[in-house]
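A note on names: the letters A, B, ... follow the listed sequences, proteins ahead of strands, and every chain is numbered from 1.
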Amino acid sequence: MTERLTRNQLARLVAQDIPSGAYVNLGIGQPTLVSDYLTPSQNVTLHTENGMLGMGPAAEGDELDEDLINAGKIPVTELPGASYFHHADSFGMMRGGHLDVCVLGAFQVSVAGDLANWHTGDPNDIPAVGGAMDLAIGAKDVFVMMNLLTRDGRSKLVEACTYPLTGVGCVTRIFTDMAVLLVTPDGIRVRDTYGCTFEELLRLVDLPLLAPERESMLKA
Amino acid sequence: MTERLTRNQLARLVAQDIPSGAYVNLGIGQPTLVSDYLTPSQNVTLHTENGMLGMGPAAEGDELDEDLINAGKIPVTELPGASYFHHADSFGMMRGGHLDVCVLGAFQVSVAGDLANWHTGDPNDIPAVGGAMDLAIGAKDVFVMMNLLTRDGRSKLVEACTYPLTGVGCVTRIFTDMAVLLVTPDGIRVRDTYGCTFEELLRLVDLPLLAPERESMLKA
Amino acid sequence: MLTIHDDVDEAVSEITDGAIVLIGGFGKAGQPIELIEALLRRGSRNLTVVSNNAGNGTVGLAALIGAGRVAKIICSFPRQSDSELFDAKFRAAEIELELVPQGNLAERIRAAGSGIGGFFTPTGYGTMLAAGKETRMIDGRGFVLESPIRADFALIKALKADGVGNLVYRKTARNFGPIMASAAAHTIVQVSELVETGGLDPENVVTPGIFVNSVVVVPAQITSNGSTEVAR
Amino acid sequence: MLTIHDDVDEAVSEITDGAIVLIGGFGKAGQPIELIEALLRRGSRNLTVVSNNAGNGTVGLAALIGAGRVAKIICSFPRQSDSELFDAKFRAAEIELELVPQGNLAERIRAAGSGIGGFFTPTGYGTMLAAGKETRMIDGRGFVLESPIRADFALIKALKADGVGNLVYRKTARNFGPIMASAAAHTIVQVSELVETGGLDPENVVTPGIFVNSVVVVPAQITSNGSTEVAR
């Protein structure tokens, strides 16, 4: 039996699923870890919503430039072949379906691929959506990266989201510390499990899931 | 009594009515004559629908460049301070109301300022609209330049257009060889007459027109 | 992923019968003549072409129309002094014409590229070109609902591409290129020059490579008067 | 007609109480700090501000909000690690918040600038941010009707202007500048440098001068690490 995945193992697993030559948006926060595991031979081009293609790694030392930041407002660098454009063009690029993959965090994902990741619904919270809704409906493939369970052990994969939605039926693949799951027309199919068996996973999420089509393998 | 205006006198009259510092589109055909009468002190910037601000005079000799043409596909030149942009931006500039004046030819203009200038309605004609409808509704002021009468003596200023419309209620000022007319909320007001008296003009057009507020003067 | 093709015939080899094809250019400026003539050689039939004009003289789009390959054209200004090949097909009712005001044509293409499902435009309101379309009064002004124009292919012309497909254009030959590149499933670009990746200033890229699938170099020649002319 | 102002206070002198003001920037990048602080000194009240964020730290937009000058903000991402001045006003119910998904915010501003009366966007469909809005199924997909955001003024930051107001920007500080410039009745730009007319390549102009009413130079300083920082 395999182990649950660490955040870095999960990031590597996501990176391995990004097709060669893809245009990818990694949002903010945890998904940005994925960039550390993209290989040069994958030839992936990173998009940042604030108007850039060809984003490079985080800036360090002399590279710091307050005019060159990513969606999380972190200073980054520019790679050869980069381009800059304004916000309407940047979001037109997303909304128009030109990005191959985006990777987002999530509070909840439903079995229909609905995503909740922007607002807990707590009336005391100050809501902030940013580009989350645009990314959720824009990319050809929307990958979610999250822990399978909340801190108190409830499944974040749910029959229907209880948190406010970010997008309807938009998620295509779900990467968690305990399983990688594919959203298919027939339902959620388990691709791999980590640190649990398929049967244990079923009990944890308490949802009907389709069994893996092949033996579970630890890829990360 | 004054004389009817020639095409060049009419063009000069239009040019004199263009405010200093204005952004102007002169369409194609007769209205492009107006550019010959704009003075440097007017500091007018010309827009061409095919993606340029700061258009200069027609190109001659070594200036000819097939990549630098105006809306009539005539080679033109570039002035200092020019800029190029794509078609959606160029027509956004029109539609968004950023041009101060456009000058268009017309088959007919109605007393309500409706414009007909793109199609005779003859089923044997191949229709072509180009940017006429965008210009008609886009500029802050839409000036029309035309002969007042058709070749067979009928008024092109009409109660209601019989030719297919280009735009509804869009014309603000009408420059003809026999009169300059202002479209106002109260109706069409005659500003000046040329080669006819106000009373003669009324008989020619057979429409109620508001009398000039001052004595008619030959300005051209 | 960008493919750099050796010749124009290879570049258009995936265009099938019945395809919807955006073709750049305003008159001759920016018209990808060599790509269009490669499409003519390829022989694809029953095409729907979206382009501002309906061809000039006997080359490029005019030749494609003259050869009967275009079942329908969506354009703003088909009638020109040298559009006799289109004129003949139109009068013979051998080509369908959808006439669209130029700014609506541009915005419909831009809408397709940027994922907009439809938009209200004031252009054409109250005219026969809005006949049958949904209209709405907004703040006291009439608007017409227009829909995106998506395409299978775009054929455009640019000045330079780099190794990832970033493009820059030249003067008013830019026209429909950037929006058409964004609105097609497969965008094919003829350029005068291919430069190394990093050879275009990121501030000055007009079409980012994400919109470009195929690039082919068709060298331009400098004519005696200093203007550029593409080699035949 | 372009006016070139001697200082930022003169540049914002026409902004009255109750004005709708677009303010450029994504976080600090492209935020016209000096223009905003001039607006703060001017004392205009009851403003509606449209900006991606709701201010950072205690300068610029944050200071304007902190001083109680902003009655309403339309933005996509007010909550940040250093947005405490906004947070306090929001929790005290002293500022109205209209939260808009970032791409819809950008497209609504672009629609205002380009004369579009409204557009159908898939972003936000089925979420609480589309509550009460008109929706429509188009080709089997849900869309929300969004309306343009027009403004009285825009305050933006660019790298250079020439004598007719053409602008170029710097890296990701471009962000909302070009679309905001097009959507306001009066656009005020702070630039690091004013160059002579003809000093910007017409191919590389990002915002044509037609969208710019006022320019003021706020020189940038090169910091020790090579990045630029605007002089205070």
Side-chain angles (χ1 to χ4, degrees), chain A residues 18-25 40-56 65 67-70 76-102 131 133-140 142 167-168 170, chain C residues 1-4 22 106-119 148-152 154 158 160-169 174 177-187 194-215:
Chain A
I18 292 178
S20 176
Y23 288 92
V24 175
N25 186 304
S41 67
Q42 275 181 292
N43 194 24
V44 163
T45 303
L46 294 182
H47 172 265
T48 182
E49 66 188 21
N50 50 320
M52 184 186 191
L53 277 167
M55 182 173 64
D65 182 337
D67 287 343
L68 181 48
I69 60 175
N70 70 9
V76 292
T77 52
E78 170 190 301
L79 296 178
S83 55
Y84 297 102
F85 29 83
H86 63 60
H87 246 77
D89 281 350
S90 183
F91 281 79
M93 206 176 274
M94 293 185 197
R95 197 192 304 111
H98 302 283
L99 296 177
D100 297 294
V101 177
C102 78
M133 289 187 180
D134 303 276
L135 282 167
I137 60 83
K140 290 175 193 137
V142 175
V168 177
C170 56
Chain C
M1 279 292 270
L2 183 69
T3 304
I4 295 173
L22 306 172
E107 191 68 10
R108 290 175 66 186
I109 295 166
R110 190 251 174 207
S114 57
I116 296 298
F119 58 91
I149 298 177
R150 281 185 207 85
D152 301 307
K160 296 181 190 178
D162 69 9
V164 300
N166 290 319
L167 304 179
V168 295
Y169 300 83
R174 184 183 302 196
I179 52 174
M180 286 185 170
S182 75
H186 189 110
T187 292
L194 183 67
V195 302
E196 63 182 347
T197 300
L200 298 177
D201 185 338
E203 300 283 4
N204 301 340
V205 169
V206 175
T207 293
I210 192 172
F211 298 122
V212 176
N213 303 89
S214 297
V215 164

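Distance CZ/C:Arg110 to CG/A:Asp89: 7.0 Å, rounded to 0.5 Å. Rounding to the nearest 0.5 Å gives a distance of 11.0 Å between OG of A:Ser83 and CG of C:Asn204. The OG1 atom of C:Thr207 sits 11.5 Å away from the CZ atom of A:Phe85 when rounded to the nearest 0.5 Å. Of the inter-residue distances, the one linking C:Leu2 atom CG with A:Asn43 atom CG reads 10.0 Å to the nearest 0.5 angstrom.
By the 4.5 Å heavy-atom criterion applied to side chains, C:Pro208 and A:Met93 are counted as neighbours. Here the side chains of C:Asn166 and A:Leu53 are not in contact, with every heavy-atom distance at 4.5 Å or above.
For chain A, no part of C:Arg150 is nearby; none of its heavy atoms comes within less than 4.5 Å. If you measure heavy-atom distances from A:Ala88 to chain C, the contacts under 4.5 Å come from both the backbone and the side chain.
Here the closest non-hydrogen pair linking C:Pro202 and A:Glu78 is CG-OE2, 3.4 Å.
Using a distance-only test at 3.5 Å, with no hydrogens or angles considered, a donor-acceptor pair links the side chain of A:His98 to the main chain of C:Gly113.
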